[in-house]
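Working notes, structure below.
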Amino acid sequence: MSVAVVLFNRDLRVRDNPALAAAARAERTVPLFVLDEALLGSRFAAPNRVAFMLEALRDLDASLRRTGARLHVRRGDPVAEALAVARECGASELHVSADWSAFARRREERLRRACAEQRVTFRAHPGTTAVQPGAVTPAGGDHFKVFTPFHRAWEAAPPRPRATAPRRLRAPGGLAVGRLPAVDSLLRGAPSRGRAPGGEDAGRKLMRAFLRDGLGAYAERHDDLAGDATSGLSPYLRFGCISAGELLTEARSPPGGAAFARQLCWRDFHHQVLAAFPELARRDYRHRGDRWSRSRRALEAWREGLTGYPIVDAAMRQLAAEGRMHNRARMIAASFLTKDLYLDWRWGERHFQDLLTDGEIANNAGNWQWVAGTGNDTRPNRVFNPIRQARRFDPEGEYVRRHVPELEAIEGGAVHEPWRLPSSQRRRIDYPAPIVDHDAAAATFLARRAVP
């Protein structure tokens, strides 16, 4: 009797899951998730993501039950626990989804070696991205360093065949299932009240609604801060509750699909950068000679949403309250930290990683380095003007008033520059003056970058 173990990592779904589909071809299949003690005790165990993950795992278990199986749960080191389960049930195969952070790649290599020692066939399958890192490469290089040529090659890449979801699974007898812990037992703090619910069912419902009602207007509306017309699917992609490949196939043909597919391409772009440069969250991809300010006062004002720039403060408060932030707002807030306040992008990356439900190293670090000018932006010295951005993408100030209640009495676009209000009105508002003058800060930044 053939037995296969499928070790779920961040591919928490049944549909279009190549690792699960491969394991399901054995006569007996053991779906397994290991609560990794090394991650649970680290800064990567952010409350929003832990709560989302546990909800997704419960949903995954419910889906597996409909096939006749269960999600087996262990706690400890994933390599040791997976091999212990393989020994206990006599498995000859171990399947996982390939992942691309330095931590995940070390784990995969340890699994590969341990399986070889125990004569267990090991397979790492595509599925985390729409196009696997390394599937398209430039002539003479291991990865694309600029987005536009990557986008051209990515669009021409053949789609990965969709994996069939198993209808029936049978597990070997006598194997303890284990139990998922209560959410509170794993949290280092309270998750945000506005956080998205985890799970494949929730992700697919949102995906279907977006493809039906939101995709057609995506190109026109996705930067509208107040309209919040993005897909909302990023946490489901981050945990693999929905398949990036399936989403791309469904989205790229209808009207509006090209603009949305481009965003999925950006996600894949950052993953192939991370695969080539595993230290993306720690070291400058391109060193610019920056000598960042060490001002803790400025950092705390930014974190707390008290910079005196309403569009920046609204973004930071949305992050704290909801565990998410509109992508346009992310760029504005990141540019303000790195170029107005001239603070190290790593400080911002860590704060986002602490709070974002969709926080993953490839996108978070890749986007931070892009904005800071140390990454893959071909215009590394671009500076986002927060007032121009606000007037363009939140012209009536609805987004700001939604998240900065001190300013809700200010009508229209005037909310973006409260320091210009008559003094009698300013005195009635409990809101700080701008922490820096943007024009002066931008000029200073550009002068610093001009010094060889």
Side-chain angles (χ1 to χ4, degrees), residues 1-36 38-39 57 60-61 63-64 67-129 131-135 158-178 239-240 243-245 271 275 278:
M1 178 180 68
S2 62
V3 181
V5 174
V6 54
L7 177 62
F8 290 89
N9 37 39
R10 54 180 244 176
D11 49 345
L12 307 182
R13 66 181 185 274
V14 170
R15 299 170 183 84
D16 191 29
N17 187 329
L20 175 61
R25 289 193 281 270
E27 293 172 277
R28 297 289 187 272
T29 306
V30 181
L32 174 67
F33 185 85
V34 179
L35 291 158
D36 189 338
L39 285 179
L57 289 170
L60 176 61
D61 183 47
S63 296
L64 289 168
T67 71
R70 291 291 306 277
L71 179 65
H72 293 70
V73 179
R74 300 292 186 269
R75 185 162 179 166
D77 172 59
V79 176
E81 294 298 326
L83 270 294
V85 168
R87 284 194 301 271
E88 186 177 352
C89 66
S92 59
E93 304 170 27
L94 178 64
H95 299 269
V96 300
S97 288
D99 202 354
W100 303 102
S101 70
F103 182 91
R105 291 167 74 186
R106 286 194 299 270
R107 179 181 62 203
E108 184 177 309
E109 184 53 35
R110 289 172 58 221
L111 279 167
R112 193 181 302 279
R113 290 198 303 267
C115 284
E117 290 171 4
Q118 294 198 21
R119 297 184 179 180
V120 173
T121 300
F122 175 80
R123 294 284 185 271
H125 299 266
T128 300
T129 54
V131 175
Q132 187 90 331
R160 171 180 60 77
R162 191 175 298 185
T164 302
R167 293 186 176 183
R168 186 73 181 165
L169 293 171
R170 299 180 66 189
L175 188 64
V177 174
F239 282 96
S243 158
H271 275 83

For [X] versus [Y], what's the shortest heavy-atom pair and its separation?
X: A163; Y: D16; answer: N-OD1, 2.8 Å
X: N9; Y: L12; answer: O-CD2, 3.8 Å
X: F33; Y: F8; answer: CD1-O, 3.4 Å
X: A114; Y: V79; answer: CB-CG1, 3.9 Å
X: A98; Y: Q132; answer: CB-NE2, 3.9 Å
X: V34; Y: G76; answer: CG1-O, 3.7 Å

Side-chain heavy-atom pair V177, V73 within 4.5 angstrom cut-off: no

Give a yes or no answer on whether the side chain of [X] reaches the backbone of [Y] with a donor-acceptor pair at less than 3.5 Å.
X: S2; Y: A26; value: no
X: T29; Y: A23; value: yes
X: D36; Y: P78; value: no

Any chance you could measure [X], atom [atom1], to [Y], atom [atom2], to the nearest 0.5 Å?
X: R162; Y: N17; atom1: CZ; atom2: CG; result: 13.5 Å
X: R70; Y: L60; atom1: CZ; atom2: CG; result: 11.0 Å
X: D77; Y: L35; atom1: CG; atom2: CG; result: 12.5 Å
X: F239; Y: D11; atom1: CZ; atom2: CG; result: 12.0 Å
X: T128; Y: R10; atom1: OG1; atom2: CZ; result: 5.0 Å
X: R13; Y: S243; atom1: CZ; atom2: OG; result: 4.5 Å

Salt bridge (charged side-chain N to carboxylate O under 4.0 Å, His left out) partner of E108, chosen from R110, R105, R106, R112: R112

Stepwise side-chain contact (heavy atoms from CB on, under 4.5 Å) check, D99 with R107: CA-CA 9 Å; D99 202 354; R107 179 181 62 203; 4.2 Å; yes

For R74, salt bridge (charged side-chain N to carboxylate O under 4.0 Å, His left out) partners two or more places apart: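 With neighbours one apart ignored, the set is empty.
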
Heavy atoms of other groups near R170 CZ, more than 12 under 6.0 Å: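 No.
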
Indicate every side-chain donor-acceptor pair of residues 116-125 with a distance under 3.5 Å to a residue at least two apart or in another chain.
unit_1 : atom_1 : unit_2 : atom_2 : d
H125   : NE2    : H95    : ND1    : 2.8

